[in-house]
Each structure stands twice: as C-alpha cells, then as structure tokens.
Amino acid sequence: MNKPAIEGGTPVRKNKIYYGHQYLDQADYDAVVDVLKSDYLTCGPKIGELEEKLCKLTGAKYAVVCSNGTAALHMAAMAAGLGKDDELITTPITFAASANCALYVGARPVFADINNETYNIDPKSVESKITANTKAVVAVDYTGQAVELEPLKEICKKHGLVLIEDAAHAIGTLYDNKPVGSIADMTTFSFHPVKTITGGEGGAVLTNNEEYYKKLLLARSHGITRDTSLFEHECDGPWYYEQVSMGYNYRLTDIQAGLIISQLDKLQMFKERRKQIVNMYNEAFSKMDTIIVQKEIPQSDTARHLYILRIDPERLKIDRKRFFEAMAAENVICNVHYIPVYYFPYYEKLGYKKGLCPNAEKLYDEMLSLPLYYGMSDEDVQSVIDAVKKISDYYKK
Ligand SMILES: *Cc1c(COP(=O)(O)O)cnc(C)c1O
C-alpha cells in the first residue's frame, strides 16, 4: 500500500498548495493604477460606481460600501437599532465577527445550532433561542451556500426580528434564483483576499430599506451629514454639517473600489470554476465511506467559497488533527473553518460554555477546509483528492 508521507512515504505533491488564494489579472492592475492617477483616492466617483454595480448584481435598492466585512456587520447592527440588553442570534460556525458585531453595540450574541447536513444555521434552533430580548438574527451563508432564507424570513417576521445575512462567503450565490443581497433585511459582503472577490480589504451592506440605508451612511462616516433634511440646528452656511448620531470612519478607498469593480467582472468566471472544482471533489469523495460530503439545499445556486472535508471518525483510525497533519505532509496545507466562536477565551469569560451547540461542536471535531480557489489547475485538484484517498485508505478501520 502507498504509504502516507507522514509515515515516511513520498508526498503526492512536490510543492505546497494552500487553502485559498486571490486571483488578479492585468485589468485589475490597470484599474488600481487608473485610480492612483485620478483626482480622488477616497470619497471619489469609484465609491458610487461600485455601489451601483453591487445593486445591479444583487437587485438590492441600496448598497453602502465600507472598509471591511466586519465594519459592514457593525454598521448593520447599528442600523438595526441593536443596543444594550438586546440579543442577536447567530451560528457558532463562523468567523468571530458575525457574533462580535453584537458585542460592539452592547448586545449579547446567542448561538443557535447548525443543521447537521448543510452546516448552516438551523431555523428550528433559531426559533428555540428567541426570547423577549431578541432583536436580530445574523445568518451566515457558510461556505457560500445560502441559508434557508424563506423559513428564516418567516421566523423573523413572526417575532419582529431584523434578518441580517452575513454573505461574506456568498457573493454570486442565488437563492430560489434571486441573488443573495436582495432577500434579507440587510446583507453584508467582505472583499478580503481569501473571499471570492477582493479589494485587499473591503465590505458592503445591501438593503431595500431606505431607513436602514440612511443609518448605514451615518455609521460609515462619523454620524456626520450634509443632508439639510437631517439637521437639528439651523444651517449656518455653505460649509455647515452636523454630527447627528454615532459613527466611525469605515470608508472604503477609491483604490480598493476600483479593484473590486474590476474583480466583479470576473465573478461568473470565478463561480463557474469553483463549481467545477467542488464537483470534482464531490464526485471523488461521495464514493468513499470514510468521508461525509456537505449537503446542499436545492434552493441554493452556490458560488462556493470553502470546501469542507468531513471525516467519519467511526471509520478511520486517526482523528481530524492527525488527518490535517497527514495532509500537510503530502504538501496540501488545509485550514479549519471555524473554531466555534464561543470556544474562545474571550467568550468563555463572558459566560459561554462548551456543550451549547452539539452539532456545531461535532462538525468542528471532524472537518478541515481543502484548497479551493480560481487559480487551481485540474492537476492541483487531483493531487488533493489523491492525498485524501491515500490517507483515508491507509488509516481505514
Ligand atoms: C471574512 C468574514 C467576515 C469578516 O470580513 P472582513 O472583511 O475580514 O472583516 C465576517 N463573516 C464571515 C463569515 C467571514 O468569513
């Protein structure tokens, strides 16, 4: 039998492959240089141009771009009116920011469990966590797959909650043929380099609600406005502006906006290639009884951000940690998305304890993220599959 490299065999690849990588081309470089040569590096025309483009892509009425996906979530929590003693329900299988946005505004994150097959937040668990203090739900389109938006919308409507969709993984995904971004009360994107589209850093909030839109604009820029209809005092002259609420400097630069605009032209191409890679993985792994393949709801036409390899510990002699190390020895550098948020010491000190969400905790123990990005060749994909097969065969019970 072919020995895994961790046991002294030859690795399936000579060079290392990592779980994600951005893809930029000449059009992207040119777009950035064009902005650098223009009159505006920030607060210029590229901001409106990008916002218009995001509205067109998603069908949302309003878009507010900002410095990153975390700022987008903070702004959304502010616009939703979240404050002290309010509760925000989210999933533990996410990046910390999805829950931190509640803490930023003095509210309390509450964790609902995931569905054991799709790994997205389970609407039934959400409903079971609702109290008199619940004000919002942050539903994360984990791996790019749309959450169960219709059931979640219904629950939020019934209980008067604001539905915020954290679509950091899911730009380009459709739910029931409608683009993510037009469905929840507010939807947030991230343009970090590991995400599907990048600006180096960057984020956005999309909404159809004019009231949220106005609040998002204030949150982005110090709570300051030049809109005379919002003034509380008399206008003192042409220079006059007012700070009417709390806000931050969460602005995006025109340099980043120029890059994101250019990247968006490649979104369909990125989505198609990512789908191809996912299909290659799924086809190989669905034939193996040691691997569990993530299920998709039929409503989601997914622009996939992450590929989750879930091992079946009942059928292997090694655990996830050893599997991860064995993959690294084959020169396939995986990652784990995510450590349940409430495992972190900061959350522990706030009183959260292990055992809250059993499905999420079990998934965490059994998963790793395989390389998935536009620039992977078919040979790269095959080498990852070969590494999984080799390790799985060797350690099979
Ligand atoms: C990346 C990410 C964020 C934060 O986005 P940044 O742009 O890095 O601030 C939030 N939520 C999820 C699910 C993410 O993956």
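Residue indices begin at 1 and follow the sequence shown. As the structure lists them, so they are numbered: ligands from 1, and atoms in each ligand from 1.
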**OP:** Indicate yes or no: does an N/O atom of Y338 lie under 3.5 Å from an N/O atom of ligand 1?
**Re:** yes
Original post:
Considering distance alone, does some N or O of S190 sit under 3.5 Å from an N or O of ligand 1?
Top reply: yes
Original post:
Less than 3.5 Å between some nitrogen or oxygen of V140 and one of ligand 1, yes or no?
Top reply: no
Original post:
Aromatic rings H74 and Y248: how do their planes relate, parallel, tilted or perpendicular, breaks at 30° and 60°?
Top reply: tilted
Original post:
How far is atom 9 (O) of ligand 1 from its nearest protein heavy atom, and which residue and atom name does that atom have?
Top reply: T70 OG1, 2.5 Å
Original post:
Would you say E52 has more than 12 foreign heavy atoms packed within less than 6.0 Å of its CD?
Top reply: no
Original post:
Is the number of heavy atoms from other residues, nucleotides or ligands within 6.0 Å of CE (M246) greater than 12?
Top reply: no
Original post:
Do Y19 and V194 have side chains that get closer than 4.5 Å, going by heavy atoms?
Top reply: yes
Original post:
Who's the nearest protein heavy-atom neighbour of atom 15 (O) of ligand 1, and how far?
Top reply: H169 NE2, 2.8 Å
Subject >> T94: numbered ligand 1 atoms lying under 4.0 Å from its heavy atoms >> reply: 13 (C)
**OP:** Give the residue, atom name and distance (to 0.1 Å) of the protein heavy atom nearest atom 10 (C) of ligand 1.
**Re:** D166 OD2, 3.6 Å
**OP:** Enumerate the atoms of ligand 1 whose separation from the nearest heavy atom of G69 is less than 4.0 angstrom.
**Re:** 5 (O), 6 (P), 7 (O), 9 (O)
**OP:** Check each atom of ligand 1 against the heavy atoms of S98 and keep those under 4.0 Å away; list them by number with element.
**Re:** 11 (N)
Original post:
Any ion pair linking D85 and R108 (charged N to carboxylate O, less than 4.0 Å)?
Top reply: no
**OP:** Apply ring pair (Phe, Tyr, Trp, His ring centres under 6.0 Å) to Y342 and Y347, showing your working.
**Re:** CA-CA 5 Å; Y342 59 80; Y347 275 81; 8.4 Å; no
**OP:** Kindly confirm or rule out an N or O of K195 lying under 3.5 angstrom from an N or O of ligand 1.
**Re:** yes
